[in-house]
Amino acid sequence: MARLEPGMARIRIKNLRLRTYIGINEDEIRNKQDILINVTLFYPADDAVQINDINHALNYRTITKEIIQYVEENRFALLERLTQDVLDCVMRHQQVRYAEVEVDKPHALRFSESVSITLTAHRTA
């Protein structure tokens with residue numbers, strides 16, 4: 001994970017529970033399944049801290065709504081594709097300097113609570 005530098009804020013969207021079509025088996029293609037999304041992102045927050053106005057902050061509500069709409073309206077064969085697409089949604093926000101997205105697919109394997117994929121992206125200032 002990226003290091004939190006002075007002036008940077010870390011936002012965590014924890015345990016976003018959604019339903020989508022995910023998988024390659026016939027049953028998975030026909031039926032929506034639960035997934036769990038965790039997002040960590042860093043952005044420069046000096047202006048938000050100084051001015052105390054949402055117009056100078058990264059609006060995590062907007063990002064979350066975009067993720068929800070995208071995931072619930074699409075189909076995914078692989079967990080890797082879903083994870084990358086969510087990461088792309090987050091990185092479309094130019095303020096984001098670093099993002100990490102983890103997507104869990106509960107009960108994907110017998111005797112396992114879940115299977116997850118984590119992908120990251122960063123941009124220079």
Side-chain angles (χ1 to χ4, degrees):
M1 181 184 289
R3 206 169 123 229
L4 190 61
E5 300 289 336
M8 297 294 281
R10 177 185 315 146
I11 296 175
R12 290 186 175 135
I13 301 167
K14 297 180 181 182
N15 300 324
L16 180 61
R17 297 175 194 280
L18 302 176
R19 291 184 60 76
T20 193
Y21 295 99
I22 177 76
I24 57 172
N25 297 327
E26 191 172 318
D27 188 51
E28 294 173 320
I29 293 168
R30 269 193 321 243
N31 301 301
K32 284 189 172 185
Q33 297 178 67
D34 293 330
I35 58 162
L36 193 62
I37 299 175
N38 285 283
V39 177
T40 300
L41 57 88
F42 290 16
Y43 85 99
D46 286 334
D47 287 348
V49 170
Q50 295 292 326
I51 300 169
N52 194 30
D53 184 308
I54 189 63
N55 294 316
H56 296 277
L58 183 63
N59 192 328
Y60 53 83
R61 184 174 188 217
T62 299
I63 293 171
T64 303
K65 283 180 160 185
E66 290 171 8
I67 292 169
I68 292 168
Q69 181 178 1
Y70 183 81
V71 169
E72 290 185 341
E73 291 179 359
N74 287 283
R75 293 176 172 265
F76 310 91
L78 300 177
L79 203 49
E80 290 85 347
R81 176 79 269 151
L82 170 56
T83 306
Q84 182 62 56
D85 288 354
V86 171
L87 184 60
D88 291 344
C89 284
V90 173
M91 293 304 292
R92 275 196 283 278
H93 295 266
Q94 293 302 308
Q95 289 175 282
V96 176
R97 296 287 189 258
Y98 170 87
E100 178 177 296
V101 172
E102 178 183 30
V103 178
D104 281 81
K105 184 177 176 184
H107 313 294
L109 294 174
R110 188 174 175 201
F111 306 119
S112 174
E113 185 176 315
S114 71
V115 172
S116 72
I117 300 286
T118 303
L119 295 172
T120 64
H122 72 277
R123 71 168 50 89
T124 55

* Asked: Judged by atom type as modelled, is there a donor-acceptor pair below 3.5 Å linking the side chain of Arg123 to the main-chain atoms of Val96?
  -> yes
* **Tyr98 side, atom OH; Thr40 side, atom OG1 - distance, nearest 0.5 Å** => 7.5 Å
* Asked: Quick one: does NZ or CZ of Arg97 land under 6.0 Å from the six-membered ring centre of Tyr43, within 45 degrees of the ring axis?
  -> no
* Return yes if some donor-acceptor pair links the side-chain N/O of Glu100 with the main-chain N/O of Thr120 below 3.5 Å, else return no. => no
* **Single-linkage hydrophobic cluster, 4.5 Å side-chain cutoff, Tyr70 and Ile117 together** => yes
* Asked: Any side-chain heavy atom of Ile13 within less than 4.5 Å of one from Ile37?
  -> no
* Gap separating the OG1 atom of Thr83 from the NZ atom of Lys105, nearest 0.5 angstrom -> 11.0 Å
* Structure fact -> Paired with Ile22, the side chain to side chain contact (heavy atoms under 4.5 Å, CB included) test is passed by just one of Leu78, Val71, Asn74, Ile35, namely Ile35
* Asked: If we only count heavy atoms from C-beta on, is the Pro44 to Met8 side-chain gap below 4.5 Å?
  -> yes
* To do: Decide side-chain hydrogen bond (donor to acceptor under 3.5 Å, both in side chains) for Glu102 and Ser116; before the verdict, give the C-alpha distance in whole Å, the side-chain angles of both, and the deciding distance to 0.1 Å.
  => CA-CA 6 Å; Glu102 178 183 30; Ser116 72; 3.0 Å; yes
* Answer whether the closest heavy-atom distance between the side chains of Leu58 and His93 falls below 4.5 Å. => yes
* Using a distance-only test with no angle check, is there a side-chain donor-acceptor pair under 3.5 angstrom linking Asp46 and Gln50? -> no
* Side-chain (Glu28) to main-chain (Ile24) donor-acceptor, under 3.5 angstrom -> yes
* So do the side chains of Thr118 and Val103 get within less than 4.5 Å of each other, counting heavy atoms only? -> no
* Asked: Counting N and O atoms only, with roles assigned by atom type, does the side chain of Arg75 sit under 3.5 Å from a partner on the main chain of Tyr21, one being a donor and the other an acceptor?
  -> no
* Reported CG-to-CG distance for the pair Leu18 and Leu36, which is rounded to 0.5 angstrom -> 8.5 Å
* To do: State plainly whether the residues Asp85 and Arg81 are in salt-bridge range, i.e. N to O under 4.0 Å.
  => yes
* Asked: Does atom NZ of Lys32 have more than 12 heavy-atom neighbours, drawn from other residues, nucleotides or ligands, at distances under 6.0 Å?
  -> yes
* Asked: Between atom CG of Leu16 and atom CG of Asp104, what is the distance when rounded to the nearest 0.5 Å?
  -> 12.0 Å
* Asked: Under the 3.5 angstrom rule, does the side chain of Asn38 hit a backbone N or O of Asn15 as a donor-acceptor pair?
  -> yes
* Asn59 side chain to Arg61 main-chain N or O, any donor-acceptor pair under 3.5 Å? -> yes
* Asn55 and Asp53: side-chain donor and acceptor closer than 3.5 Å? -> yes
* Show your reasoning for whether side-chain hydrogen bond (donor to acceptor under 3.5 Å, both in side chains) applies to Gln33 and His107. => CA-CA 10 Å; Gln33 297 178 67; His107 313 294; over 6 Å; no
